[in-house]
Amino acid sequence: MQTEQLPSPASSAKDQVGAALFKRPASGLLAVTLVAFLVAGTLVFLGLFFLWPSFTLIGMGLFAEGELDLSAFQTLLTQSHTWSVIWRTIWMALAGTVGSVICGLPLAFVLYKLRFPGRTIARGLIAVPFVLPTVAVAAGYQTLFTRGGWLEFLHLEHTETAIIIAMIFFNTALIARSVGSLWARLDPRLEQAARTLGATPSRTFRTVTLPALRPAILSAASLVFLYCSTAYSLVMVLGGIGVSTIETEIYYETTQYLNLRGAAVLSIVQILIVALALLLAFRSSRKAETSLRFNATVVDRPLRASDAPVTIASILIVLVVIALPLVNVVIRSLRRGGEWTLANYTDMADPQAAKVLQTSVLESLWLTLKTGAVAALIAVLVGLIVVVIASRPVRSPKVRTLQSTYDALFMLPLGVSAVTVGFGFLVTLDAPPLNLGQSDLMVPLAQAIVAIPLVVRVTAPTIRGINDRLRQAAATLGASPLRVLVTVDGPMILRAALVAAGFAMAVCMGEFGATSFLIRPQSPTLPIVIYQLVSRPGATEQGMAMAACMLLCVSAAAIMVAVEKLRPQSLGGF
């Protein structure tokens, strides 16, 4: 009689390992196939909706009838008007950058080096400009300087100075947050040594602190210069027809003079200026990373009487530069013809309330929300795929190089202004073979291209911070690569996606540059409606413009709050 032998523990473990190894290639092949499909899909998207329009514009400026033709450059760049526009763009961006640094450094010191009650709330308040649509704030500044405005006596209506002040509004917080977060972690021993040797606080700041912060200041300032040089909506609203920059000149050459080659040449000049700013930002940030010496913990101290001058200066900056235009928008939205009224809000449902409009303000809001949601969805899907693939840990140096290249490709839209993106869409996608001119996807696609770099930058730190040991532990327990992605990376990706979706939708809702080229007159988005209203002198139009600004700002802020509320609490803070 034969007895059935039970398998030994050793043979059983061997069989399990063999079975796992037998199944692993199929799982690995599926993962590789999926990654290849996603990479190809995102590259096709980038090529079709960014690279093709961009290179088409470059080709329009450099070639004519298939041959190299620089006559458009010669014609445009020999005109004194063109050079005055280029110079105005550069010097206004420089002035906005310097003003932002001057206003941002005191805020950085007070908010990140000093402890006082309500500091966290104060930090959050100065971040408000990040989620406010630029056209709405520009309209608020416009009514400050116009006839009957609080600052009419300054005579800044339709001037370069008004535009520069608005630039400072948007970028002061960027300097404060970027420099302040590093300032709080600087090694304090050098400052203490200087004070011990008899240096005054001001001399210590000039000779010790400022040199240590210089790389961080230069890095943030180069980004501010980039934003100021592409402040299209600020120039359109605050400058009027008397002040033009490269971006507004592209718009006029396209829509008023039908000079597409001239506009293409200006787009190339704009790309070169923005690319230079990005290069300086990259080099400065790399230098900051290698030059600064940080403490492991934040170094701050209680507020003292000696801090009164810088504290008072910071309060004045917040009140005058940040709070004043916002308060002005609120008050002006409740007044018409010198009287308090809610008519500006009730008229938003009436398409006949203002002759300049072809639709009601509320209908434009609904269109803005739909367009922004579609654009944010596209940007988040593409951006998450890019970050997840580019951040996966690999051992091969060649694969890491490919990952870095793949990631860098999707940051390219940072080097092209939204106006250039819109112009590129107009001359490429509105013609065969796609013929998207009458499609509802035209505007969301352009807005998504603008928002993708933001999504990548917002989500990358979280996803790259996932502990790879958790992935390895899951794989050791038999989880396939796809299951590891879902169970280990999934919760972190969800958290990053929700936050990125909020930022992307807020940005897309307020997008004005690309949208101004592509929107149909009978269905304008809310930023276009605000521009149309604020450009008219009537009391009804001006009041409705302020009410529309309030509506857009509140909608953008509500989206950010909803993201925080809807995010699973178990995922923690972002």
Side-chain angles (χ1 to χ4, degrees), residues 42 45-54 57 129-136 138 170 174 223 226-236 246-248 250-251 267 270-271 273-275 277-278 367-384 386-387 408-429 436 440-460 500-519 525-528 531 552 556 559:
T42 51
F45 178 88
L46 183 71
L48 194 60
F49 298 112
F50 176 71
L51 296 179
W52 179 29
S54 299
L57 289 183
F130 284 111
V131 298
L132 293 183
T134 55
V135 69
F170 280 104
L174 174 60
L223 285 177
L226 168 66
Y227 298 144
C228 291
S229 64
T230 56
Y232 171 72
S233 57
L234 299 182
V235 180
M236 289 292 286
I246 295 176
E247 290 192 312
T248 59
I250 293 172
Y251 178 81
S267 296
Q270 176 78 2
I271 290 172
I273 292 175
V274 174
L278 281 174
L367 175 65
T368 302
L369 291 171
K370 291 193 299 182
T371 303
V374 174
L377 178 62
I378 295 172
V380 169
L381 287 177
V382 174
L384 281 179
V386 172
V387 175
L409 283 174
F410 286 87
M411 300 304 293
L412 287 177
L414 275 179
V416 178
S417 71
V419 169
T420 302
V421 171
F423 180 36
F425 269 52
L426 187 66
V427 299
T428 54
L429 304 183
L436 292 178
D440 292 337
L441 284 175
M442 191 78 153
V443 173
L445 286 170
Q447 293 178 351
I449 289 295
V450 174
I452 285 174
L454 172 67
V455 172
V456 172
R457 295 180 68 173
V458 167
T459 58
F503 276 105
M505 188 165 178
V507 167
C508 293
M509 285 179 58
E511 205 287 317
F512 182 74
T515 307
S516 63
F517 281 83
L518 305 174
I519 203 70
T525 59
L526 199 51
I528 302 297
Y531 175 71
L552 185 58
I559 288 172

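Atom CD1 of residue I271 and atom CG of residue L57 lie 7.0 Å apart, to the nearest 0.5 angstrom. If you take CG on L223 and SG on C228, they are separated by 11.0 Å, rounding to the nearest 0.5 Å. For the atom pair I378 CD1 and L445 CG, the distance stands at 4.5 Å (nearest 0.5 Å).
Nearest heavy-atom pair, A501 versus V380, reported as atom, atom and distance to 0.1 Å: CA-CG2, 3.7 Å. Among all heavy-atom pairs drawn from T134 and S233, the shortest one is OG1-OG, 2.6 Å. Residues V274 and S229 come closest through the heavy atom pair CG2-OG, 4.4 Å. In terms of heavy atoms, I250 sits closest to S267 at CD1-OG, 3.6 Å. Smallest separation of non-hydrogen atoms from G510 and P133: CA-CB, 3.7 Å.
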Requested in this report: Any chance you could lay out the side-chain contact (heavy atoms from CB on, under 4.5 Å) test for L436 and F49, step after step, and finish with the verdict?
Outcome: CA-CA 11 Å; L436 292 178; F49 298 112; 4.2 Å; yes
Requested in this report: Report the C-alpha separation of L409 and F50 in whole Å, then their side-chain angles, then the decisive distance to 0.1 Å, and conclude whether the side-chain contact (heavy atoms from CB on, under 4.5 Å) test is met.
Outcome: CA-CA 10 Å; L409 283 174; F50 176 71; over 6 Å; no
Quiz: residues 410-427 side-chain donor-acceptor pairs under 3.5 angstrom, not counting sequence neighbours:
from, atom 1, to, atom 2, distance (Å)
S417, OG, E247, OE2, 2.9
S417, OG, T420, N, 3.3
S417, OG, T420, OG1, 3.1

Donor-acceptor list for residues 448-456 side chains, cut-off 3.5 Å, not counting sequence neighbours:
none

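Contact check for T230 versus Q270: side-chain heavy atoms found under the 4.5 Å cut-off.
With sequence neighbours left out, T42 forms a side-chain hydrogen bond (donor to acceptor under 3.5 Å, both in side chains) with Y406. Scanning for side-chain contact (heavy atoms from CB on, under 4.5 Å) contacts around L48 gives W52, L434, with sequence neighbours left out. The side-chain contact (heavy atoms from CB on, under 4.5 Å) test applied to I528 returns F512, T515, S516, I519, P524, T525, Q532, not counting sequence neighbours.
Partner of M509 under the side-chain contact (heavy atoms from CB on, under 4.5 Å) criterion, chosen from T371, T368, L526: T368.
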